[in-house]
Amino acid sequence: MSLGAEQRAYLAQHREEAQQRLLSWFERHARDLPWRRDRTPYRVWVAEVMLQQTQVDTVRDYYLHFVQRFPTLDSLAEASLEEVLKLWEGLGYYSRARALHRAARQVVRHHNGELPNTPQGLRALPGIGAYTAGAIASIAFGIPTPAVDGNVRRVMARTLAEPDPTPPALEEAVRQWIPPAAPGAFTEALMELGATICSPRAPRCLLCPWHDLCRARDLGEPEAFPVTKPRKAIPHYDVTAAVTLRWPSSESAPEVLVAQRPLDAMLGGLWEFPGGKREDGETLPDALRRELMEEMGVAINVGEQLTVVQHAYTHFRITLYAFLCTLESGEPTCLACQAFQWARLAQIHALPMAVTDRRIAGALEVWLESRSDL
DNA sequence: AACACGGGGTT
DNA sequence: AACCCAGTGTT
């Protein structure tokens, strides 16, 4: 469960050396990242939430746009969820954006607009777990508290040659090595080491400031730590989407039916072209007509296929078939969605959408342009 | 403890 | 194609 006596002694014996070498390495190799320059607690918070399950290079531009539009916690709390989701579009794990927005309003309402400055206070906010609470506390507030993410877990598992370290053991190990004078720099350095040197498959041990402190390397197989569990096979689904068009007048641009997904669902709060999974034995048009009846209470005519989109989620893969459709009968109502609207292309661009539906919107734009040439 | 939750990068 | 993430919340 927790650290063994022998591991505890090993950590105590090499503490000063490990601290000094890691901090000195970090000073030389730290990347020039925007969130390292403006470290208000609010901005550290935004950066750390964006970095959950997401790589630095992906986050950088999102972070800059986000803090430009929402420079303060108050400005974020005052914004609409839709605008926050729009800035999050393409970043994934959208519950992070919903929780961040909810937490900002909570801080304004219950904490006088000031982010809590203790790990426990931070941990109580939505979207802040053990890792993020530790990261904000150490980086923004200088509190010597561990922040264990996947990188830190890997680094410490290798340092101690521990195949499957538990969270309490990891936190205790990191806590022993945090220098009281520089907890934030140490936290960042540990994560940066894992991200750039102590990589999962082929660690670059020759460049590592801890190479001669690493017990896994001593055993000759650093990449064998920590052990990984076998993955479950991921299923594949055929999914349909209806691009349902109507022309308010013969002269005007067409409008297309879009629906907002329920807030507690996957991709919650994002807009989509309605549709859904094809069941066994069902044709794609059959599936589409059934889904539109179930979700929106309308019968549709299914026309030509507009585009096909392949996409892989964490737990399944899909092939998404988008069809041009028209309304046959019924008025749309939200039977299984948050809201719906008939939107023109310009409005579609402004809606928060997942990557798959954004691709469909792109195909629609191309189709409409080719059609206007006729 | 197991699972759901996006998307992009690396090998 | 398989594997990896700068994790959190729910069950």
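Proteins come first, then strands; the chains are lettered A, B, ... in the order of their sequence lines, and each starts at number 1.
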Take atom CZ of R153(A) and atom P of dT8(C), then tell me their distance rounded to the nearest Å.
-> 14 Å
Counting any heavy atom closer than 4.0 Å, what does V355(A) reach on the DNA or RNA strands: base, sugar-phosphate only, or nothing?
-> sugar-phosphate
Give the intermediate values and the outcome of side chain to side chain contact (heavy atoms under 4.5 Å, CB included) for residues W342(A) and L327(A).
-> CA-CA 12 Å; W342(A) 290 95; L327(A) 217 50; 3.9 Å; yes
Whole-Å distance separating the OH atom of Y63(A) from the C1' atom of dA6(C) = 14 Å
When you check the phosphate oxygens OP1 and OP2 of dG6(B), does a side-chain N or O of H311(A) lie under 4.0 Å from one of them?
-> no
When only distance counts, do a donor and an acceptor, one from the side chain of Y93(A) and one from the base of dG6(B), lie under 3.5 Å apart?
-> yes
Expressed in angstrom and rounded to an integer, what is the separation of H315(A) atom NE2 from dT10(C) atom P?
-> 16 Å
Assign R154(A) to base, sugar-phosphate, or nothing according to its heavy-atom contacts below 4.0 angstrom with the strands shown.
-> sugar-phosphate
Roughly how many Å is it from CD1 in I197(A) to P in dA6(C), rounded to a whole number?
-> 14 Å
On DNA chain C, more 5' by nearest nucleotide between R102(A) and R36(A) is R36(A)
Let me know, please, whether A202(A) or R98(A) comes out on the 5' side of the other along DNA chain B by nearest nucleotide.
-> R98(A)
Which of these nucleotides, dA6(C), dC4(C), dC5(B), is closest to any side-chain atom of T314(A)?
-> dC5(B)
Distance between C1' atoms of dG9(B) and dT8(C) (Å, rounded) | 22 Å
Phosphate oxygens OP1/OP2 of dA1(C): is one of them under 4.0 Å from a side-chain N or O of R317(A)?
-> no
May I ask you to establish whether R215(A) and Y10(A) are in a cation-pi arrangement, using a distance under 6.0 Å from NZ or CZ to the six-membered ring centre and at most 45° from the ring axis?
-> yes
Side-chain donor or acceptor of T132(A) under 3.5 Å from a matching atom on the base of dG7(C)?
-> no
Take the protein atom CG of L270(A) and the nucleotide atom C1' of dG6(B), then report the distance between them rounded to whole Å.
-> 10 Å
With the side chain defined as heavy atoms from C-beta on, M266(A) is closest, among dC3(C), dG7(B), dC5(B), to dC5(B)
Just checking A99(A): base, sugar-phosphate only, or nothing, at a heavy-atom cut-off of under 4.0 Å?
-> nothing
What's the OH-C1' distance between Y313(A) and dG8(B), to the nearest Å?
-> 14 Å
Go through M353(A) and I348(A) one step at a time and tell me if the side chain to side chain contact (heavy atoms under 4.5 Å, CB included) criterion holds.
-> CA-CA 9 Å; M353(A) 280 190 157; I348(A) 299 271; 4.0 Å; yes
Between K86(A) and E89(A), is there a salt bridge with N-O shorter than 4.0 Å?
-> yes
Tell whether T54(A) reaches the base of dG6(B) with its side chain through a donor-acceptor pair below 3.5 angstrom.
-> yes
CD of E192(A) versus P of dC5(C): gap in Å, rounded?
-> 16 Å
How far does the P atom of dC5(B) sit from the matching atom of dA6(C), given to the nearest Å?
-> 22 Å
Any W367(A) side-chain heavy atom under 4.5 Å of L324(A) side chain | yes
Is the distance from OP1 or OP2 of dA6(C) to the nearest side-chain N or O of R96(A) less than 4.0 Å?
-> no
For T228(A), answer base if it contacts any base atom (sugar-phosphate contacts may also be present), sugar-phosphate if it contacts only those atoms, and nothing otherwise; contact means non-hydrogen atoms under 4.0 Å.
-> sugar-phosphate
Which is true for A354(A) with a 4.0 Å heavy-atom rule: it touches a base, it touches only sugar-phosphate, or it touches nothing?
-> sugar-phosphate
At under 4.0 Å, does any side-chain N or O of K229(A) touch on OP1 or OP2 of dA1(B)?
-> no
Please determine if E255(A) and R246(A) form a salt bridge, counting it only when a charged side-chain N lies under 4.0 Å from a carboxylate O.
-> yes
Do K277(A) and E294(A) meet the salt-bridge criterion of a basic N to acidic O distance under 4.0 Å?
-> no
Nearest-Å distance for atom pair CG/P, residues L91(A) and dG9(B) = 12 Å
OP1 or OP2 of dG7(C) under 4.0 Å from side-chain N/O of Q52(A) | no
Pairwise P distance for dT11(C) and dG6(B), with rounding to whole Å = 16 Å
Scan G90(A) against the nucleic acid and name what it touches under 4.0 Å (heavy atoms): base, sugar-phosphate only, or nothing.
-> sugar-phosphate
